[in-house]
Each structure stands twice: as C-alpha cells, then as structure tokens.
> 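Have a look at this one.
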Amino acid sequence: MTFFVISVIAGFLTVLAPCILPLLPIVIGSTGEGKNGISKRSLVVIASLAVSVILFTLLLKASTALIAIPQSFWQYFSGTVLILVGLAIVFPALWTKIPLVSRLSISSNKAVGAGYQKHSLYGDMLIGGALGPVFTTCSPTYLLIIATILPASFITGLLYLVGFVAGLVVALLLIAYFGERLTSAVAKRMGTAEGVKRIFGILIVIIGLAIMTGLDKKLESKILDSGYGATIEFENRLLEKVGESEKVSELDMETEKTMNDSADGLETITLAGGCFWCIEGALQGVEGVVSAVSGYAGGSEEDAKYLLVGKGTTGHREAVQIVYDPKVVSTEALLNKFWTSIDPTDAGGQFADRGFQYTTAVYYHDEGQKQVAETSKEALQKSGLLTGDIVTKIESFTTFYPAEEYHQDYFLKSAEHYERYKKGSGREDFVEETWARDAAKEYFETAEKEEITTVSQARGNYEYTDEEIAEMLKNLDPLSYHVVAEGGTESPFNNSYWDNKADGIYVDVVTGKPLFSSTHKYDSGTGWPSFWRTIDDDSVKLQEDNSLFITRTEVVSEGGHVGHVFDDGPVEEGGRRFCTNSASLKFVPREDMEKEGYGKYLYLFEDEKGE
C-alpha cells in the first residue's frame, strides 16, 4: 500500500517537469483568461496520453519478463535509477543535456504540433500518444515509478502503474480545467522552492543508496509497523478485559494444537537466526516441514510486537517456529539446514541486523531435541568449518508470539524485496562463501546421507524413495556396490561372514533394515552366509531371476540384490536355504543391538542367554 500511494504521488508530480509544464495548457487546457472547464478534446488527449504511458510501460515490463534477470540486478537497477532521479532534481540542467532525452523530446513535440493542427479526433489522439514519450523522457518521476514497477511481479507492477496513471490523469484534469492560470502559479511557486526541491532530490539519492545496500528493509518495516503498532496499542487499551480473555483462548488453542501435533506424530522446534524472513524462507520448503511461522521467542514481556522487540529490550528474539514430521525430516536435518542459513559465530546479531533480538538460538521443546541440538552444535564446532566459536544458544522453549501478518511468508509475498534485503544485508554472500565451499558441502552431504538411514529407521518400515536409495548406494565400497546395485556375486569362502559364528543380526548394508539373525544361520558348505529363514516374514522380497539361462529365485531388499533362495536347506526347518552375499549385509553384534536401535530383536537370544 505504501508504494501504491507513492506511485499515485509520482504520477501527479510528473506534470511538473520543466519541459512538460509549459506545454500542457496549450494542448489540453483553456487558454482564455477567466475561463474554466474541460472540453471533449481535452478528455481525448488525456485518455490517449494515459493509454500511451500504460502501453509503453507494459511493453518495457514484458521485455524484462522474457529475460532471466537475477534479483541482484534489480537491486542495483532500482537503486541506480533512484540516484539518477535525485541528481536530476538537484541538478535539472544536467537532465536536459542528455542527448537521448533532447532528441526524443524534440521529436515528440513535433508530433504534438502536427496533431494540434489537425483539429480532429485522430489529431487529438495523436497529441496524446505523442505526449507519452515526452513524459517518459522529460520527467524524473516517471523513472522513479519505473524503478519500482520493473523489479516487481506483473500484478504488483500493474497495480503501481495504475496508481501512477491515476495520479497523472488527476493532475492533467486539473490543468485542463484551470488552464494557464494554474500552470503559471505552479511555475512561479517552483521557482521560489529550489531549496525544497534539492532537499527532496538528496532524499531520493539516499533512498537509492539504501536500496542498493539492502538497508531499506528496516525502513519499510518501521513504516508498516508505526501505523499498525499504534492501532493495536489503542485497541488493547479499549478492549483490555476482552484482550485478557482472548489471550486465554489463544493459549487454549495453542495447547490444543500442540496436543494435536503430538497425536499426529508431529514435533515442534523454534529457531532464532536473525531476520525471521530469511529463516522462514530457508526452512519452509524443506520436505517434512508442515508449517513455519515467524514470530518472537523467549523474552520477559507478556506480549511481543515488532516495534517493541525491535528496541532490543524485551528479551525476545526474532524466531521461526517449525512444525515437522520426524518420520520425514529429523531434528538433526533441520538443524543442519538452520546452520547453513546463519553465521553461528556472531554474538551481536546477524549481518546488518544488530542487537539481542537478532542473535541466534535453538529453543528445544523436549529433552530429545536438546540432546540433538547440543550434539549437532558440538559436531559443527569440531568440523573446523568455522574460524570462531559457535555462540548460538541452546535454550528451553518458553514462549512464542506470532509476528504480524505482513511478516508471514514474506519471502513469497514480497520476493523481490526479500532477495534484495538478503543480498544487501550480507547474509547471501556469507552463505555462499562459508557454506558453499567444498569442505562444508562434504560435511553436510555426509550428515545428510547418515540422516537418510536415521529417518527411515524412525519410520519403522525402512521405505525409501529411488533418489534416497541412489544417494546411499554411493557410500558403498566397490565390491558391495557391484553386488547390491549390479546384481553381482562375491567369491565363496573369501567373504566377511561365511563362517561368522557370533551372536547378532544381519541388516541391509544400504538401508539398515534387519534381514537375518545368527540364530537362523547354519553352515551350508557353500562358502556363502546361509540362513534357513529371514528375521521377519516381510524382511526381503523374492522375484524370478533368469540371468544365467536358468530360472532362479532372487532375494532382494530395499537396498538391492542380496542373494538367492534354494530348496536344499535343512528339512526340519522347512527346507529352504537363503544363500546371501556378505557384501549385501552388515553384522550387528548382540551387545551392540540396543545401542544401534535393534533392541526389539534381542528376544531371539533370550534362550541362549538363559543357558
């Protein structure tokens, strides 16, 4: 809304350009002293001019849409244009000396003269159409709106354009009605207001510099919050008693929501990483994240709003509360994404945002999250990826207040400005320089691969997507890859487990899914690990294999090839022999089963333990 109002004002002020103002009374206004009124001819000229400006701007906007222009370009484009506008206001003589401006202005003036002489509908339309280039070249305020429209989305840009044209039409109608008397009065006032104009021009230059550096984020937020915060404060004073009941109601709703999350198997964690726009933008799209809400965490005050938290005295941090499905994405994976979106060594804030409210923290909601967070932080510190100490706090969750609505999904609703801020604040460059290095990539890729197994085990069914399986296969040694991924066979009597007699279970080398137990293993004399049954009825799948010109039954797991099953096993145990490859298996000794998450299979060894 703020930029729409600016667009209307810019359109209204466009007529004040020195090369436009003297021309307008002759073209669209009454030239007689004391005569007021808007003729039909003036309306045609004004309408044609408005259409000309709209078509020219939309054509310019469409041309940019056909080219993949990075957001960083628009940051510098808008800032540069605004700086030029400011300089043109401060030094108007420089603007008229630009060759292109001068030539277009002369050509347009000739077309205006030709149309004026025709005294017809076509001539009036020609006048309005010819005035379009004059407005686009002679008026710095048009460049001001172009700097806003081009980087915006099409719908947002169209809204700004409508506002600009509306302001322009109102100014033209006033000139058409009052004629030369109005323009003369305005011109006289302008001549005595050079100081004011220069101050205005300098302010525009400063705004341009702010946009180029991304510092306009704070300015925009304060503009939005100043009115919003005052309104809320007024409402709270009038509705104090109702407000108290509403707080209780909100608390009940939050409690009910948390209970529902627990019932659905979802978990919640709250992460503070400086500007919540950036943390929400980084985590919102992670698979398994159900919701990400920007707000204010911790603090001693009973409520939190942007204006109050922004002072840095309430003890709140800008944070994002994440609800996620641990069966899809684990706490550790979320924290890894969080680390790569911040500078965890900065104790004074994050990048351009300074103060306690922008410091980093992990607010855990249970002891399990606390342990994961501390382990993740310690591992990152030991990795050597960062030169300083990690100062991110790990604290117990206490309170969270959702931020104002315009802050929610800001990375989507105001994508252009969000990208400019992220670049200008220094966050984007830090992320690229620190977390995009080969060492950092390798560290987090390894963690991600290990995490795939952890998450699947949490699912309880060891189901994976094809993409996940492909990633995990890359971790295998050459022999295991050949056997599992390519259906190969290892050498008999020369493999890891053919004569292994220790108690334990054998799991899929790729997924970690339990496949066989030592209690079902026997010496088949073949030189390969042999079992007379699987650990569970659904541990493996059986499928037809015709690779050696004979029909065999292949044993496969989620990871890939395991071996074959034959009908020459122990008769007393059912007569089947699962002939496997050691390279397809990983042995977990009985004493390590509880630690590695296979405690539920310890019952297989209870009889042996009793003996």
Side-chain angles (χ1 to χ4, degrees), residues 267 269-275 278-279 281-283 285-289 317 319-320 322 324 326 328-351 353 358-396 422 425-458 467-468 470-477 510 512 586 592 595-597:
E267 294 185 10
I269 192 170
T270 305
L271 303 173
C275 175
C278 298
I279 302 304
L283 297 176
V286 174
E287 184 180 4
V289 170
R317 291 183 175 98
V320 177
I322 309 293
Y324 62 101
V328 181
V329 60
S330 71
T331 304
E332 184 176 4
L334 281 177
L335 288 175
N336 286 340
K337 185 66 177 176
F338 171 66
W339 295 130
T340 58
S341 303
I342 66 172
D343 176 5
T345 65
D346 189 345
Q350 285 291 281
F351 312 105
D353 296 317
Y358 294 112
T359 57
T360 60
V362 175
Y363 293 97
Y364 58 87
H365 289 238
D366 57 48
E367 288 301 311
Q369 288 183 350
K370 177 183 180 182
Q371 183 177 356
V372 171
E374 290 176 343
T375 301
S376 178
K377 177 180 175 180
E378 182 181 357
L380 183 59
Q381 184 70 70
K382 291 180 178 178
S383 70
L385 295 175
L386 300 163
T387 56
D389 293 334
I390 295 177
V391 296
T392 300
K393 300 295 184 182
I394 298 177
E395 301 179 0
S396 177
K422 191 168 66 171
S425 68
R427 184 184 295 263
E428 183 176 299
D429 289 341
F430 178 86
V431 168
E432 291 178 357
E433 294 170 4
T434 304
W435 302 120
R437 292 185 293 119
D438 291 341
K441 286 182 178 179
E442 183 179 352
Y443 174 80
F444 287 106
E445 284 174 2
T446 301
E448 182 178 0
K449 290 172 183 177
E450 294 174 351
E451 188 59 29
I452 290 174
T453 301
T454 303
V455 171
S456 182
Q457 289 174 349
E467 292 78 10
E468 289 173 334
E471 283 298 318
M472 290 187 289
L473 286 172
K474 295 177 182 179
N475 279 338
L476 299 180
D477 59 67
V510 178
K586 173 189 173 184
D592 293 337
K595 179 177 65 176
E596 296 194 25

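Sequence positions, counted from 1, serve as the residue numbers for this chain. The figures here come from the full heavy-atom set of this structure, side chains too, leaving out hydrogens, waters and symmetry mates.
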> Which pairs count as ring-ring contact (aromatic ring centres under 6.0 Å, His included) when at least one residue sits in residues 364-392, sequence neighbours excluded?
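As it turns out, the ring-ring contact (aromatic ring centres under 6.0 Å, His included) pairs with a partner in residues 364-392, which skip direct neighbours, are His365-Phe397.
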
> Report the C-alpha separation of Glu467 and Met472 in whole Å, then their side-chain angles, then the decisive distance to 0.1 Å, and conclude whether the side chain to side chain contact (heavy atoms under 4.5 Å, CB included) test is met.
CA-CA 9 Å; Glu467 292 78 10; Met472 290 187 289; over 6 Å; no

> Considering non-hydrogen atoms only, spot the tightest contact between Cys275 and Arg427 and give its length.
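Taking Cys275 first and Arg427 second, the nearest heavy atoms are N-NH2, 3.5 Å.
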
> Under the side chain to side chain contact (heavy atoms under 4.5 Å, CB included) test, which residues partner Ala373, sequence neighbours left out?
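With neighbours one apart ignored, the set is Leu335, Val362, Ile394.
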
> How close do Thr360 and Gly273 get, counting heavy atoms only, and between which atoms?
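Smallest interatomic distance, heavy atoms only, reads CG2-CA, 3.9 Å.
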
> Among all residues two or more places apart in sequence or in another chain, which pass the side-chain hydrogen bond (donor to acceptor under 3.5 Å, both in side chains) test with Ser341?
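Ser341: no side-chain hydrogen bond (donor to acceptor under 3.5 Å, both in side chains) contacts found.
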
> Report the distance from atom CZ of Phe338 to atom CD1 of Ile279, rounding to the nearest 0.5 Å.
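These two atoms lie 5.5 Å from each other.
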
> Applying salt bridge (charged side-chain N to carboxylate O under 4.0 Å, His left out), can you list everything that pairs with Glu378, at least two apart in sequence or on another chain?
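With sequence neighbours excluded, Glu378 shows a salt bridge (charged side-chain N to carboxylate O under 4.0 Å, His left out) to Lys382, given in chain and number order.
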
> Can you list the residues that meet the side-chain hydrogen bond (donor to acceptor under 3.5 Å, both in side chains) rule with Thr340, with sequence neighbours excluded?
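Scan of Thr340 (side-chain hydrogen bond (donor to acceptor under 3.5 Å, both in side chains), adjacent residues dropped) gives none.
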
> Go through the steps to decide whether Trp339 and Ser376 satisfy the test side-chain hydrogen bond (donor to acceptor under 3.5 Å, both in side chains), and finish with yes or no.
CA-CA 9 Å; Trp339 295 130; Ser376 178; 2.8 Å; yes

> What I'd like to find out is whether the side chain of Gln369 reaches to under 4.5 Å of the side chain of Tyr363, using heavy atoms alone.
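Answer no - side chains too far apart.
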
> Which residues satisfy the side chain to side chain contact (heavy atoms under 4.5 Å, CB included) test with Ser383, sequence neighbours excluded?
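Once residues adjacent in sequence are excluded, the partners of Ser383 under the side chain to side chain contact (heavy atoms under 4.5 Å, CB included) criterion are Leu380, Leu385, Tyr443.
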
> Are side-chain heavy atoms of Val431 and Ile342 found at a separation under 4.5 Å?
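No; the side chains remain at least 4.5 Å from each other.
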
> Could you tell me the separation between the OG1 atom of Thr345 and the CD atom of Gln381, rounded to the nearest 0.5 Å?
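Interatomic distance, Thr345 OG1 to Gln381 CD, rounded to 0.5 Å: 9.0 Å.
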
> Let me see the working for Ile269 and Ile322 under side chain to side chain contact (heavy atoms under 4.5 Å, CB included), right down to the final yes or no.
CA-CA 5 Å; Ile269 192 170; Ile322 309 293; 4.0 Å; yes

> Only pairs at least two apart or in different chains count here, so list each salt bridge (Lys or Arg N to Asp or Glu O under 4.0 Å) that has a residue in residues 361-375.
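Those involving residues 361-375 do not exist here.
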
> Can any side-chain N or O of Ser425 pair as donor or acceptor with the backbone N or O of Lys422 at less than 3.5 Å?
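It does hold such a pair.
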
> With rounding to the nearest 0.5 angstrom, report the CD to OH distance, Glu267 to Tyr324.
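The CD atom of Glu267 sits 4.0 Å away from the OH atom of Tyr324.
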
> If the condition is side-chain hydrogen bond (donor to acceptor under 3.5 Å, both in side chains), which residues does Asp477 pass it with, not counting sequence neighbours?
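Applying side-chain hydrogen bond (donor to acceptor under 3.5 Å, both in side chains) to Asp477 gives Ser480.
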
> Are any of the side-chain heavy atoms of Val391 and Asp346 separated by less than 4.5 Å?
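Answer no - side chains too far apart.
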
> Rounded to the nearest 0.5 Å, what separation is found between the CG atom of Leu473 and the CD atom of Glu468?
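Nearest 0.5 Å value for the CG-CD distance: 12.0 Å.
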
> With sequence neighbours left out, write down each residue that passes side-chain hydrogen bond (donor to acceptor under 3.5 Å, both in side chains) with Gln350, or none if nothing qualifies.
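None.
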
> What's the separation between atom CG in Asp353 and atom OG1 in Thr359, rounded to the nearest 0.5 Å?
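Output value for this atom pair is 11.5 Å.
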
> With a 4.5 Å heavy-atom cut-off, do Val510 and Asn475 have their side chains touching?
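Side-chain contact under 4.5 Å: no.
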
> Nearest 0.5 Å, what's the CG-CG distance between Leu386 and Asp343?
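Between atom CG of Leu386 and atom CG of Asp343 there are 7.0 Å.
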
> I'd like to check the ring pair (Phe, Tyr, Trp, His ring centres under 6.0 Å) partners of Phe351; sequence neighbours left out, ordered by chain and number.
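Scan of Phe351 (ring pair (Phe, Tyr, Trp, His ring centres under 6.0 Å), adjacent residues dropped) gives Phe430.
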
> For Glu432, enumerate each residue passing the side chain to side chain contact (heavy atoms under 4.5 Å, CB included) test, keeping only those at least two apart in sequence or located in another chain.
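Glu428, Asp429.
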
> Give a yes or no on whether a salt bridge exists between Glu332 and Lys337, defined as a side-chain N under 4.0 angstrom from a carboxylate O.
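No, this pair does not count.
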
